[in-house]
Structure formats: C-alpha cells, structure tokens
There are 2 protein chains.
Amino acid sequence: MARAQTLSRNQQIVLDIIEKAKGPLKAYSILFNVQKKGINAPQQIYRALDKLIEMGKIHKIESKNAFVACRSSDCEISKATAFSICESCEMVDEISDAKLSKYLSSFNHKKGMKFKRFNLEFFGLCKKCK
Amino acid sequence: MARAQTLSRNQQIVLDIIEKAKGPLKAYSILFNVQKKGINAPQQIYRALDKLIEMGKIHKIESKNAFVACRSSDCEISKATAFSICESCEMVDEISDAKLSKYLSSFNHKKGMKFKRFNLEFFGLCKKCK
DNA sequence: ATAACAAACGTTATATTATAACACTATGAT
DNA sequence: ATCATAGTGTTATAATATAACGTTTGTTAT
Ligand SMILES: [Zn+2]
Ligand SMILES: [Zn+2]
Ligand SMILES: [Zn+2]
Ligand SMILES: [Zn+2]
C-alpha cells in the first residue's frame, strides 16, 4: 500500500502555493516561488505536480499549461473535469455541475469507444471583464 | 477584405500534411517533413498553424500539443470542438454530435459567465486497443 | 531490528514546444 | 502611387517538460 493521503515535503510545498494562488500557476512560476525553500530544479516541481494530479488535489489546465487546486468533489480524481476560463483576465473556475458531469460521463461515442475520462474547457469573458 | 478562403503557400503545405496524416501531428514533426519544400524555421510552421486554426481548417489537441484537420461541420470555426483520444495508440477522432454540441453551447455557468467557445477531450481506449 | 522494496529526493543535462524581433515581399484597396 | 494588410524568411531566445543517475527516506514483512 502506498501512503495514500500523506503528502511528501515537496508535494506539500507545491500544493500550498497552488492552493493559495488566486489563479492558475505555471510550473516555472511555482519553481521561482519555492527556491527559498531549497527546491531548485524543474524536475522537483514536475514530480510533485504529477503526484498531486494523480491524487486529484490539483488539475492541469491544458490550454494554458497551468495548474489549479481542485475545488470540487464531482471530479473524482480527475476523471471528469470542467473549467470556465476567462480569455481576458485568465481567471479559471472549476465547474462543479452534477448534471453536466453525469451527461458527459455517460456520453458514448458512435464509434464504440468507451471513455474513462474527460476534460472540458469553456472560454469566455468573466463578469468583471465583460 | 482579406483573401478569406485562399491559402498562402506555406499554409497550404502545412494543411496538406495535416490532412494526409493518420493522426495528430506535432509542430516540429511537421517542420521536419517540410524542410525539403524550403521551410526551415518553427516560426513558419507556427504562423501557418495559427492561421489554419483561425480559419477552422485544423484544431489543436491541447492535451497533446498536436494538430488535426477538421473533419466536422458542427464545430463552426472552432467554437465548439470535441475529440475522442485513445490513450494507448494516440488516435484522435473529432466528435461530431449535434446534441452534444447543442447541449454544451447552451450550457451556462451559475456564476454568470457567458461562454463563447469550448473544447472537450474524452480519453479512453479505442476499439483496436481495448 | 533488519532486510527488502517502493517512493521520494537532488542534481545535471537535454529535449521539446513556442515566441520575439526585424527586415523584406506580395497583394489589394483608395 | 501610396497605403494598409498579410505573408515570408531568418536568427535568436524563451518557456515548458523529460531523461538519467545515484542517494535518501519511509513502509512492510520477517
Ligand atoms: Zn476537481
Ligand atoms: Zn476576466
Ligand atoms: Zn472541426
Ligand atoms: Zn487505440
């Protein structure tokens, strides 16, 4: 058994920063922010990010190569993620909508492929920006 | 008026390659494939890719940093794109499903954001791979 | 406790993806 | 003709991500 819920030192440092952030963070911006804590190399960041994603603690916003903390419970270890992204201020909000999630989780492609996971990114202008 | 439908030389070369390909192509793999035609620099590829995306001729698969030709008509200049992606063989298939597209296009977030565009990526194993 | 294993770590180097900046050319509109 | 827009070619560099290696730490089983 792995130590399923305990985070390692580096994982905790990286998660803390992502959770405190107002918006999505990029890997190298995380790196620059933790150099005072003795983390010096991209590898250390990317390894922590990979594990945190596996655990469902964070998600990657693919269209931005950036990372946000999970604020939802619908996404069940990143099998079903949806985000709303402002094209002006870069704000990202995790969408937690049971109906949407159910609809997409049960969506079946004509060509017979059974899906294990999806990621949906909506783009527009947020309240502030429109 | 711009020459809305005519492709430039480089755009045509890049589009041809993407259309002929069986699966998604990466920018640098396109580059290596067109060096015999006198295209030598990443910029030339990325510029063509950007325009082709704008025109709706191709799409970017964000989770793979790769590009596919548009095979749909539902996506109306890339405002509403959906893909099915095999995690084993990397096959990508554009999903053209009017109901899905309508459902998502009219989806409204609780927090009052009006969406202009979405991109949905499903992951699983294709027929061959499962 | 200790051996064995898995996970995490630190480090150096390198690969991959993407953009900046600048000078030049072609095209179409007024 | 002149002006604006789009496209080109080129060099350089930025930003994102992984490979490979040996070491250390934590967990489990005996
Ligand atoms: Zn989540
Ligand atoms: Zn905004
Ligand atoms: Zn399309
Ligand atoms: Zn497959």
Side-chain angles (χ1 to χ4, degrees), chain A residues 1-18 21 23-68 90 92 119 121, chain B residues 1-18 21 23-68 77 87 90 92 119 121:
Chain A
M1 263 294 242
R3 25 174 194 172
Q5 42 277 54
T6 337
L7 297 181
S8 75
R9 176 184 144 81
N10 288 1
Q11 287 160 12
Q12 190 63 61
I13 290 171
V14 170
L15 179 58
D16 283 348
I17 294 216
I18 297 176
L25 291 184
K26 305 214 148 207
Y28 276 77
S29 116
I30 295 169
L31 176 57
F32 298 141
N33 277 284
V34 297
Q35 292 192 319
K36 45 189 174 257
K37 304 213 172 173
I39 297 183
N40 305 299
Q43 265 292 6
Q44 298 173 280
I45 303 299
Y46 282 104
R47 281 198 289 231
L49 290 171
D50 286 348
K51 289 300 174 183
L52 291 168
I53 288 170
E54 252 180 63
M55 296 175 194
K57 303 275 189 191
I58 65 169
H59 303 299
K60 181 174 187 181
I61 307 300
E62 295 288 358
S63 60
K64 301 177 83 64
N65 300 317
F67 304 84
V68 294
E90 314 265 287
V92 169
N119 179 54
E121 300 183 1
Chain B
M1 262 298 241
R3 22 175 195 174
Q5 42 275 57
T6 337
L7 297 181
S8 76
R9 176 183 144 81
N10 288 1
Q11 288 160 11
Q12 190 64 60
I13 290 172
V14 170
L15 180 58
D16 284 349
I17 295 215
I18 296 175
L25 291 184
K26 304 213 150 210
Y28 276 76
S29 116
I30 295 169
L31 176 57
F32 298 139
N33 278 284
V34 297
Q35 292 192 319
K36 45 190 174 262
K37 304 214 170 168
I39 297 182
N40 304 299
Q43 266 292 7
Q44 296 172 283
I45 303 298
Y46 281 104
R47 282 198 287 231
L49 290 171
D50 286 348
K51 290 298 174 185
L52 291 168
I53 288 170
E54 254 180 61
M55 295 175 195
K57 303 276 188 191
I58 65 171
H59 303 298
K60 182 172 186 181
I61 308 299
E62 295 287 358
S63 60
K64 302 175 84 65
N65 299 317
F67 304 85
V68 294
I77 319 268
E87 285 176 313
E90 315 266 285
V92 169
N119 179 54
E121 300 183 2

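Just so it is clear: chains get the letters A, B, ... in the order the sequence lines come, proteins before strands, and each one is counted from 1.
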Does the side chain of [X] get closer than 4.0 angstrom to OP1 or OP2 of [N] through an N or O atom?
X	N	value
B:Asn10	D:dG9	yes
B:Asn65	C:dA18	yes
B:Asn40	D:dT10	yes
B:Lys51	D:dG7	yes
B:Gln44	D:dG9	yes

| message | Using a heavy-atom cut-off of 4.0 Å across all strands, would you classify A:Lys60 as base, sugar-phosphate, or nothing? | response | sugar-phosphate
If you round to the nearest 0.5 Å, how far is [atom2] of [Y] from [atom1] of [X]?
X	Y	atom1	atom2	answer
B:Ile30	B:Phe67	CD1	CZ	6.5 Å
B:Ile39	B:Asn33	CD1	CG	11.0 Å
B:Gln44	B:Leu49	CD	CG	12.0 Å

Between B:Lys60 and B:Asn65, does a side-chain contact (heavy atoms from CB on, under 4.5 Å) hold up when you go through it step by step?
CA-CA 7 Å; B:Lys60 182 172 186 181; B:Asn65 299 317; 3.9 Å; yes
Quick one: which of [options] gets closest to the side chain of [X]?
X	options	result
B:Gln43	C:dA18, D:dT18, D:dT10	D:dT10
B:Ser8	C:dC9, D:dT8, D:dT18	D:dT8
A:Arg47	D:dG9, C:dG10, C:dA8	C:dG10

Rounded interatomic separation in angstrom, taking [atom1] from [X] and [atom2] from [N]:
X	N	atom1	atom2	answer
B:Leu7	C:dA26	CG	C1'	16 Å
B:Ile39	D:dG7	CD1	P	14 Å
A:Asp50	D:dT18	CG	C1'	10 Å
A:Leu49	D:dA17	CG	P	9 Å
B:Lys37	D:dG9	NZ	C1'	18 Å
A:Tyr46	C:dT12	OH	P	19 Å
B:Ile13	D:dT8	CD1	C1'	12 Å
A:Gln12	D:dG26	CD	P	15 Å

_Under a 3.5 Å distance rule, please check whether B:Lys26 uses its side chain to pair with a backbone N or O of B:Lys64 as donor and acceptor._
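It does hold such a pair.
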*asked:* Quick check against the 3.5 Å criterion: does A:Glu121 have a side-chain atom that pairs as donor or acceptor with the backbone of A:Ser63?
replied: yes
Here the residues of residues 26-34 of chain B within 4.0 Å heavy-atom distance, strictly under, of DNA chain C are B:Lys26, B:Tyr28
Double-helix bend of the helix from C:dA1-D:dT30 to C:dT30-D:dA1, axes at both ends from 5 pairs, round to 10°, gives 40°
Could you check A:Gln11 against A:Pro42 and say which one's nearest nucleotide on DNA chain C is further toward the 5' end?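 Taking each residue's closest nucleotide, the earlier one in sequence belongs to A:Gln11.
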Result block: side-chain N/O donor-acceptor pairs under 3.5 angstrom for residues 10-18 of chain A, not counting sequence neighbours:
unit_1  : atom_1 : unit_2  : atom_2 : d
A:Gln11 : OE1    : A:Ser8  : N      : 3.0
A:Gln11 : OE1    : A:Ser8  : OG     : 3.4
A:Gln12 : NE2    : A:Asp16 : OD1    : 3.0

Are B:Leu7 and B:Met55 close enough that some pair of their side-chain heavy atoms sits under 4.5 Å apart?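 The answer is yes; the side chains approach within 4.5 Å.
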Original post:
Of all heavy-atom pairs between A:Val92 and A:Pro24, which one has the smallest distance, and what is that distance?
Top reply: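 Heavy-atom minimum between the residues: CG2-CG, 3.7 Å.
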ask   = Which atom pair, heavy atoms only, marks the closest approach of B:Ile45 to B:Ala27?
value =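 Of all heavy-atom pairs spanning B:Ile45 and B:Ala27, the closest is CG2-O, 3.7 Å.
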